[in-house]
Structures are given as structure tokens and as C-alpha cells.
Amino acid sequence: MLAAGALLALPSVASAQDSPRVVIAVLPYGTTVEQIAQVPELAPGIVNAGLGSVPPAQTLLDVTQGNRVNQNLYDGDLPLLYVEDGRVPADLWQRTLDRAASAPANIVPGLLGSTLERAEVPVVTTSGSDLASLMVVNRDGVVSVVSDPACRLGCPEGVSLIRATVKELPSIVDSLGGDDLLIAMASGLRAEQTLLPIGVAGEGYDGDLTSDSTRTDGVITTTDIAPTVLEHLGVDVPDEVNGSEIRSSGDRDPDGVADLQARLDNRPSRDLVLLLPLGIWIVLTGLAALLWRRAGAAMALRLLGLACAWAPSVLLLAAAVDASEPASALLTGLGAPALAAATDRLLPGCRGFALACGVTVGFHAIDVVGGSALTKLSVLGPNPGGGVRFFGIGNELEAVLTTLTLVGTGAFLATRQGLERRTGAIWFAAVALIAAAAFAPGRFGADVGAAIVLGVGGATAAVVALGLERRRAILVVAGTGVLALAALVLVDLVLGGAHLTRSVLGAGDAGDVADVFDRRLRLMARTFTHPVYPELLVVTALLLIAGFVRRDRVLAWLGDGWAACSGFVGALAGVLVGSLANDSGSVLLVIGTIYLAVTAGFFWGTQAEAAEPPA
């Protein structure tokens with residue numbers, strides 16, 4: 001009878017809790033998604049470790065903050081932190097607080113621990129948790145420490161952070177009650193490790209992990225952990241928290257999550273896949289002009305423009321077949337020119353250019369609306385592994401697709417004989433609206449940049465087509481931009497507020513909104529003082545200056561009609577405004593200007609072929 005009574009008493013450790021518990025198990029560096037998924041109760045996923053490459057301590061701080069910003073927005077580097085006996089040394093912690101206060105955002109180290117303490121939820125970490133304890137320290141950089149063996153027998157009520165191995169996970173899962181939650185995350189060892197395996201066990205977690213922060217199956221962010229813990233324990237989530245509650249989606253597919261991690265960790269280099277082919281194409285264009293003079297330059301510039309228009313479609317194909325870096329480079333370097341040559345022969349002039357632009361824009365629109373399966377894996381698309389963008393088209397594609405949308409529409413309208421200007425303006429407005437409907441909200445939340453660039457660009461093309469006087473044209477373009485943002489806010493609210501409304505409308509007060517704009521402006525300015533492509537930025541500036549000085553000649557290359565000119569000027573306006581309104585301004589400016597330059601070259605080549613050579 002005594003033995004039976006003892007056996008009946010054992011499960012009470014897990015089941016007799018008056019409130020749900022949360023156990024955060026930190027697994028050794030090198031733990032894989034497949035190893036975590038060996039425990040069938042754990043929903044697998046990968047967690048983005050930070051915005052770009054951040055030190056492991058920053059990853060842990062982002063968990064407790066529930067918010068994060070680009071490292072460039074802090075006034076200095078994170079001090080070399082350590083935790084001893086549940087306490088961060090006072091001087092190091094004060095430096096951490098001062099650094100967080102310097103960022104234009106509500107960054108509160110220790111927010112999770114302090115919020116739990118105010119709600120009278122116990123928070124403990126086991127001896128030996130060391131740096132991982134940063135996830136649950138309070139605003140003073142302190143957390144209670146309990147013995148490791150005691151927690152192994154059944155962690156106490158509230159939140160417990162422990163170090164564990166994969167072999168210990170089954171016993172930890174068995175110790176959980178029906179309302180308890182286990183979050184098991186692999187630790188990082190270096191800044192370059194941007195994706196960490198993670199698993200969650202608890203009621204409702206039976207698929208792959210996701211959240212409204214990423215809207216990507218299998219991927220969450222560090223800022224999602226704090227709201228998940230608080231929501232599970234019934235504690236109000238502070239306004240400073242920017243993450244979303246972790247949930248599971250679809251069927252459990254650990255192999256798919258592991259494959260996604262491998263593909264995101266090993267994406268081909270843009271320098272090799274994009275810039276190298278582009279450089280070779282430009283060199284060959286110059287050689288053709290030297291060898292065959294005007295005729296060679298005309299042919300080569302037409303092919304260069306068409307190849308650049310086809311290249312993003314080729315990159316989608318490379319993502320679909322999971323091509324390696326060398327294969328992607330060859331596919332782009334040879335495939336795009338081959339398509340360009342076929343197009344120039346079968347559909348010469350504006351018809352072929354309109355086709356190339358339409359196919360590229362259309363393929364991306366279909367992919368984004370359908371779930372962005374290929375866009376996020378394309379070399380030119382956004383990389384969820386970097387943590388900056390998990391949904392939408394990204395800044396590089398924003399510049400490319402906006403330019404191709406408008407210049408492609410202009411090229412198409414240039415083939416329509418006798419088209420009235422009013423009808424052309426309607427075409428520009430309608431195409432820009434359709435493209436914005438696909439790329440701005442998409443399926444993943446509001447992409448503010450795409451809405452602004454397409455709205456301003458489409459409106460500019462329309463007013464140029466109508467020939468409005470300058471003051472009215474400015475009012476129309478500005479009003480269109482405001483309407484585009486208002487529509488985007490409405491769409492984002494309806495779809496759940498994944499980006500725009502959460503960062504702006506969800507801000508606590510006017511100061512928070514000011515922080516959002518300050519943060520974007522500082523990031524935009526930094527992209528010009530510390531550009532990703534410094535040499536190309538210099539070339540871009542020279543191209544823009546030369547284009548402005550010789551603007552009459554450049555616009556003359558677009559032909560005698562108004563259609564191609566309207567599309568080109570609209571794309572130029574969109575690129576310039578987008579560069580100032582985007583937190584990756586210089587990147588958008590460089591890529592947009594490159595596409596505008598090759599578009600101008602295409603139209604020059606088209607005109608030069610039809611014209612008699614000069615005396």
C-alpha cells in the first residue's frame with residue numbers, strides 16, 4: 001500500500017500545479033532540427049538569431065526585450081557580457097541599458113523577467129545556465145538560481161530556464177503537465193550563425209512553428225519567445241514587445257524545416273550570381289561597340305536591356321530547381337542573354353521588351369500572392385535568414401519590379417497606334433494599382449516601400465502621359481502616395497497587422513511613432529555613408545548627374561511618342577522617392593538606376609537600328 005501510494009504521488013510534480021509552467025531548455029551548440037524532432041511532442045522550427053550577424057549575447061537579449069533593431073542604430077558595440085550566480089556585473093549591465101536607450105526604439109533589456117515578476121510569476125534559472133540566463137534576467141540584470149537536479153525532477157511553478165541535452169528532452173516532456181509549455185532552443189556560438197534550431201511542446205503545437213512576425217512556415221524570430229511565454233501564462237504583453245506569439249502551422253515536417261534552414265544558410269552569393277554576369281555583359285557590350293561601332297552598340301545594348309529584364313525570371317527558375325551557386329551563375333549568365341537574343345529576333349523593339357518585363361513582373365506577382373515560395377529563395381529576393389524581411393518582395397526586387405512594371409507598361413503602350421493620352425494614363429494607374437495589390441500587401445503583410453514606390457511611380461507616369469502642368473502634377477502624385485499608404489494601412493489591419501500597423505499604428509504614443517521614422521531615416525542615411533556597393537553607388541551618382549544634364553537627349557532616345565517617356569519618368573520618380581523613404585535607400589537607388597540605365601540603352605539601340613547613321 002505504501003509503494004502504491006508513492007507511485008500515485010509521483011505524477012503530482014507535473015500535474016498538481018495550480019498554474020501553467022514554462023520551461024525554456026537551452027540545448028548545446030550544434031544541435032540540429034532533426035535531433036530536436038526526434039521528440040515527437042516537439043513542433044520543429046528555426047529561430048532567426050538577429051538582424052544580420054549579431055553576437056550570441058545580443059540574441060539572448062533580444063529574447064527578453066521582445067524587440068530588436070539593426071546593430072547600426074546603437075551608439076556602440078554590446079559589452080562582453082557574462083552571468084555569475086544569476087547576476088550580470090553591475091557596470092556591464094548599466095552599459096547594456098545605456099546602449100539600449102541610445103536606439104530609436106523601445107528596447108528594454110530584462111523586460112520579460114521584470115514583467116513576470118510584476119505579475120508575481122516565479123522566474124528561475126538553474127546553476128550552470130551561465131550566459132543563457134540573459135533571456136530571463138529582470139531589469140536589474142538579476143534572476144534567481146536553483147539547483148540543476150531539483151529542476152530535472154520537475155521544474156517549479158512559473159518560468160524555468162535550464163541547460164539540457166537532446167537525450168534529456170523526452171524526460172522533460174514527460175514531466176510536463178497538460179497546461180505546461182516547453183521551448184527547446186539550440187544555443188549559438190558565433191555571430192555568423194543566423195538560424196538556430198528550436199522546438200516547442202505543448203497543447204496546440206503539432207505542426208511546424210511560425211508566427212505573424214515571419215508568416216513563413218518553419219521560421220520564427222527571437223522576439224516571438226517573450227510574447228509566447230507571457231500569453232501562455234496569461235500575463236499582459238507590454239507595449240514595448242514587438243514580437244508575436246509562436247504557433248504551429250500545417251503538418252509536422254522536420255525534414256522540410258531542415259531543408260529550409262540549409263537553403264537559407266547556403267544561399268548563392270549575389271556578387272557571383274548577379275554582379276559577375278552583369279559585369280561580363282557590360283564588357284561585351286563595350287567590345288561590340290568598339291568592333292562594330294554604331295551597329296554593334298545598338299545590338300549589344302538591346303540585348304543588355306532584354307537580358308536584365310529576363311534575369312529575375314531566370315533567378316526564380318534557379319530557386320525552383322535549387323541550383324547551386326555555380327549553376328545559378330551559369331543559368332543567369334547564359335540563360336538571360338539567350339532569352340534576350342530569342343526575344344530580339346522574334347519580337348523586335350518595344351513588343352519584346354514589354355513581353356520580358358511583363359513575364360518577370362507577372363511571375364513574381366503570382367509567386368508572392370501564392371505564398372512567396374520561390375521569391376524568398378531567389379538570390380535577388382529577401383533572405384529570411386538575415387532577419388530583416390520575412391515577407392514581401394524585399395528592397396532589391398522592389399527596385400527591379402517597380403522599374404520593369406512602369407517601363408514595361410510604357411513599352412507596351414508605345415506599340416498601340418493612335419492611343420489617347422487619357423487612355424494611357426488609365427493604363428499606367430491600373431497596372432501600378434494591380435502591381436501594388438500583389439506586392440505591397442501580398443499574403444504576408446504590408447510592404448510599405450512597394451506601396452510608396454509603385455504609387456508614386458504610377459501616378460507620375462499617369463500625369464506625364466496626361467501632360468499636366470507641374471503644380472497639379474505634384475499635387476496628384478503626393479495625393480496618390482497618401483492614398484496608397486492609407487489603403488495599405490486598411491489592408492494590413494484586415495490581414496492581421498504584420499508589419500506596418502504593428503510598428504506604426506501599434507506604437508504606444510507619438511514618441512514611439514517618431515522613433516519608427518527616426519529609425520528608418522537613420523538606417524537610410526547609413527546606407528549612403530556605409531553603402532553595400534560603394535563603387536556602384538559612385539557610378540550611380542555619375543549616371544544620375546549625366547542623365548540630368550543631358551535629359552533632353554536621353555528622353556529623345558525613348559522615341560517620338562509619349563508612352564515610353566511616361567513609363568521611364570514614372571520609374572525614375574519611384575526609384576528616387578523610394579530611395580529616400582526606404583531604410584535600404586542606397587541599395588534601391590543603385591539597382592533602380594542600373595535598370596533605368598539599361599532601359600535607356602535598350603531604347604537607344606532600338607532607335608539607332610531604325611535610324612540612318614550620321615554623316
Side-chain angles (χ1 to χ4, degrees), residues 274-315 331-362 400-401 403-417 539 543 546-547 550 553-572 591-614:
L274 289 175
L275 296 183
L276 179 60
L278 177 62
I280 294 173
W281 297 343
I282 292 175
V283 170
L284 293 177
T285 300
L287 289 175
L290 287 174
L291 293 175
W292 296 293
R293 312 295 293 175
R294 183 184 182 89
M299 177 194 67
L301 285 172
R302 291 198 313 274
L303 294 179
L304 177 63
L306 288 168
C308 288
W310 280 115
S313 294
V314 175
L315 291 174
L331 194 60
T332 305
L334 300 178
L339 286 170
T343 304
D344 187 59
R345 182 170 182 83
L346 299 176
L347 286 174
C350 289
R351 291 183 299 164
F353 191 65
L355 174 66
C357 293
V359 170
T360 293
V361 174
V400 171
L401 297 179
T403 304
L404 294 183
T405 296
L406 296 171
V407 298
T409 301
F412 169 72
L413 296 178
T415 65
R416 306 287 299 275
Q417 298 296 325
V539 173
L543 282 173
R550 307 301 295 271
R553 174 170 291 187
V554 172
L555 293 177
W557 296 346
L558 303 175
D560 298 330
W562 49 267
C565 179
S566 299
F568 186 85
V569 174
L572 174 62
I591 296 177
T593 303
I594 288 174
Y595 267 81
L596 287 168
V598 298
T599 296
F602 170 85
F603 280 102
W604 180 88
T606 302
Q607 295 291 325
E609 184 185 45
E612 290 292 329

Item to complete: Take the angle between the ring planes of Phe602 and Phe353 and call it parallel below 30°, perpendicular above 60°, tilted in between.
Response: parallel
Worksheet entry | Residue that, paired with Leu301, satisfies side-chain contact (heavy atoms from CB on, under 4.5 Å) out of Leu306, Thr285, Val598 | Thr285
Worksheet, complete the sentence: Of all heavy-atom pairs linking Leu558 and Ala564, the shortest is O-CB, 3.6 Å
Worksheet entry | Criterion side-chain contact (heavy atoms from CB on, under 4.5 Å) against Leu276, the qualifying member of Ile280, Leu278, Leu274 | Ile280
Worksheet item: So which heavy atom on Phe603 is nearest to which on Cys350, and how close?
Response: CE2-SG, 3.6 Å
Item to complete: Look only at the side chain of Thr360 and the backbone of Ala309, and say whether a donor-acceptor pair between them is shorter than 3.5 Å.
Response: yes
Worksheet item: Which pair of non-hydrogen atoms, one from Leu404 and one from Cys357, has the smallest distance, and what is that distance?
Response: O-CB, 3.5 Å
Worksheet item: For the atom pair CH2 (Trp604) and CZ (Arg294), what is the distance rounded to the nearest 0.5 Å?
Response: 5.0 Å
Worksheet item: Which heavy-atom pair separates Ala571 from Leu596 by the least distance, and what is that distance?
Response: CB-CD2, 3.8 Å
Fill in: Note, Trp310 side chain near Pro337 side chain (heavy atom, < 4.5 Å)
no
Worksheet item: Does the side chain of Thr403 reach to within under 4.5 Å of the side chain of Ile591, using non-hydrogen atoms?
Response: no
Practice prompt. Identify the two heavy atoms, one from Asp344 and one from Leu303, that lie closest to each other, and give their separation to 0.1 Å.
Written response: CB-CD2, 4.0 Å
Worksheet entry | Any donor-acceptor N/O pair, Trp281 side chain to Gly333 backbone, under 3.5 Å | yes
Fill in: Smallest separation among heavy atoms of Pro312 and Cys308, with atom names
CD-O, 3.3 Å
Practice prompt. Hey, could you give me the CG/CG distance between Leu406 and Leu401, rounded to the nearest 0.5 Å?
Written response: 11.0 Å
